[in-house]
Amino acid sequence: MKEKTEIQSLKEKLFYTAPNAYRVCDEDEVTTCNDFCIGYTEFLNECRTEREAVSYVKEIALNEGYLPFDKNGVYKAGDKIYYDVKGKAIILCTIGRENIESGAKILAAHIDSPRLDLKPNPLYEDSEIAFFKTHYYGGIKKYQWTAIPLALHGVILKRDGEKIEVKIGDDDNDPRFVVTDLLPHLDRSDKKISEAVKGENLNVLVGSMPFGKDEESETVKLNILNILFEKYGITEKDFISAELELVPAFKAGDVGFDRSLIGSYGHDDRVCAYPEIMAALAVKNPLHTTISVLTDKEEIGSEGNTGLRSEYLKQFIGDLARLEGLKARDVLRNSECLSADVNAAFDPTYPSVHDKLNAAYLNKGIVVTKYTGSYGKSSTNDANAEFMWTVRNIFDTNNVVWQTGELGKVDEGGGGTVAKYIADLGVDVVDVGVPVLSMHSPFEVVAKMDVYMAYKGFKAFLLS
Ligand code: MN
Ligand code: MN
């Protein structure tokens, strides 16, 4: 090899550039990464909604010997418990060897994703075609949700209280649903993207066949209701006590000739949730109590009693603390958290929205995002230098490939995560997650190496 010049050596010593994970990992590690991502892809196809993610996590937790949390229970180091928050959020916890007053290691990812929710009274017929009215959930570019196959997932509570689980559109034999869009020939006005498709026009096509031969009104709607009655025993009023979500019906899978990427609906934030779950399962007898939160409602501002603006995490920690004769605050002030959420990956097709020096890149590992927010760091946690050092040190000593990132240029826009709500509890917290291309679209893209580095980083953090 050619000897380095003085300038090259000095640059190597003084400059910082995050490396590409493929350049620093050996073949074994790339194989481990690819195997890990097979599990992740299965998880994506199994869990399309927050409820499905909770069921999935609960099932593997039970298989791994986790027990439901008992607020009057007696726990010793190494005990594993889970806390189910109304079937829409869940906490996995392993009791540490140290007293809980030394603080907990908290991971927090979210398992809700942008989608189209049915309105409480969704079904109507117009021009002998039946549709569902929807209200979109989370930040979407509405035009991306038209003319793609959709699946219907969720629950319906019937008059008698029986709960029915709905999952239609994922199997090859299932029917699918779609939001129609105008043909280009009749859509030539120069509309802004935000006005191209109106929220109230996100109507989902659900049928077109009349019931019987009579020239009665609304027989297409009647036929749909009759099919639903025969299949589920539900009537129109039962939609009011339901949560039905339309999600993209295409499956997760590899992207690219080299298969280095995964395309799927809902990477945000299942791409952090899955590594978080796997890290929680891998950590057997930690020094500090580990708490892995999988929360709901992040995409609509974390409000509601299954979101992290509610007290459920604080109450859980308070209950754990009480078993040791302590208060929640005794634990929280010494606790540390990685808010496990995605950041935007630099997209070379749209470079103008990013500050290239501070953008996150595919394959450069997990992104540590010191602050999010917008317009002068408004509405964000801004991690302190000391905690940034702690995280940097954990990742570097455990060979985790990582990078820093900022969500777009200053004043270009912005966003938020659960970090600030966890910071409100007095916990040291920073955002750490996977870079995503086409975020919030029906088919987001991530790099496999970054998914694997999330797992490696989260595990190292729980063990710190
Ligand atoms: Mn997110
Ligand atoms: Mn999001």
Side-chain angles (χ1 to χ4, degrees), residues 40 43-44 47-50 53-54 88-90 106-117 135-142 144-145 245-248 252 262-277 292-304 306-309 313 337-345 347 353 359-360 362 366-374 379-381 383 405-408 412-423 429-447 450-451 454 457-458:
Y40 173 49
F43 172 76
L44 285 168
C47 306
R48 314 295 277 180
T49 69
E50 58 286 340
V54 168
K88 299 187 67 173
I90 191 165
I106 306 167
L107 290 172
H110 66 91
I111 46 178
D112 62 320
S113 297
R115 58 180 191 248
L116 305 179
D117 284 346
H135 196 139
Y136 64 98
Y137 174 98
I140 60 167
K141 291 164 91 170
K142 298 177 194 88
Q144 293 181 332
W145 293 72
E245 308 173 3
L246 285 145
V247 296
I262 305 170
S264 176
Y265 163 67
H267 279 312
D268 177 8
D269 185 31
R270 289 175 199 128
V271 75
C272 295
Y274 183 77
E276 176 180 316
I277 297 159
S292 304
V293 187
L294 298 153
T295 197
D296 182 26
K297 298 276 186 260
E298 193 279 338
E299 294 295 357
I300 56 166
S302 296
E303 277 152 306
T306 51
L308 273 178
R309 281 177 92 160
L313 175 61
C337 174
L338 301 186
S339 161
D341 207 345
V342 300
N343 199 334
D347 187 335
V353 298
L362 292 182
I366 38 171
V367 200
V368 180
T369 306
K370 189 176 185 294
Y371 51 85
T372 57
S374 53
S379 202
T380 180
N381 169 64
E406 189 185 43
L407 183 64
E412 191 68 46
T417 64
V418 300
K420 60 181 174 177
Y421 307 117
I422 290 169
V429 55
V430 67
D431 282 300
V432 177
V434 174
V436 178
L437 283 175
S438 310
M439 195 199 291
H440 283 206
S441 79
F443 200 68
E444 305 172 315
V445 175
V446 298
D450 300 332
V451 182
F458 294 164

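Remember, it's 1-based here, ligands and their atoms both numbered in the order they're listed.
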Atom name of the N, O or S atom of His440 nearest to the Mn ion (ligand 2) is NE2

The N/O/S atom of Asp341 lying closest to the Mn ion (ligand 1) is OD1

| message | Any donor-acceptor pair under 3.5 Å linking the side-chain atoms of His267 with those of Glu444? | response | no

Verdict with reasoning, Ile422 to Val293, per side-chain contact (heavy atoms from CB on, under 4.5 Å)
CA-CA 11 Å; Ile422 290 169; Val293 187; over 6 Å; no

### Message
Side chains of Asp341 and Thr417: any donor to acceptor distance under 3.5 Å?
### Response
no

Answer key: the N, O or S atom of His110 nearest to the Mn ion (ligand 1) is NE2

Which atom of Asp268 is nearest the Mn ion (ligand 1), counting N, O or S only? It is OD1

CD1 (Ile90) and OG (Ser292) are apart, to the nearest 0.5 Å, by 11.0 Å

Side chains of Gln144 and His440, donor plus acceptor under 3.5 Å:
no

Looking at Glu299, the N, O or S atom sitting nearest the Mn ion (ligand 2) is OE2

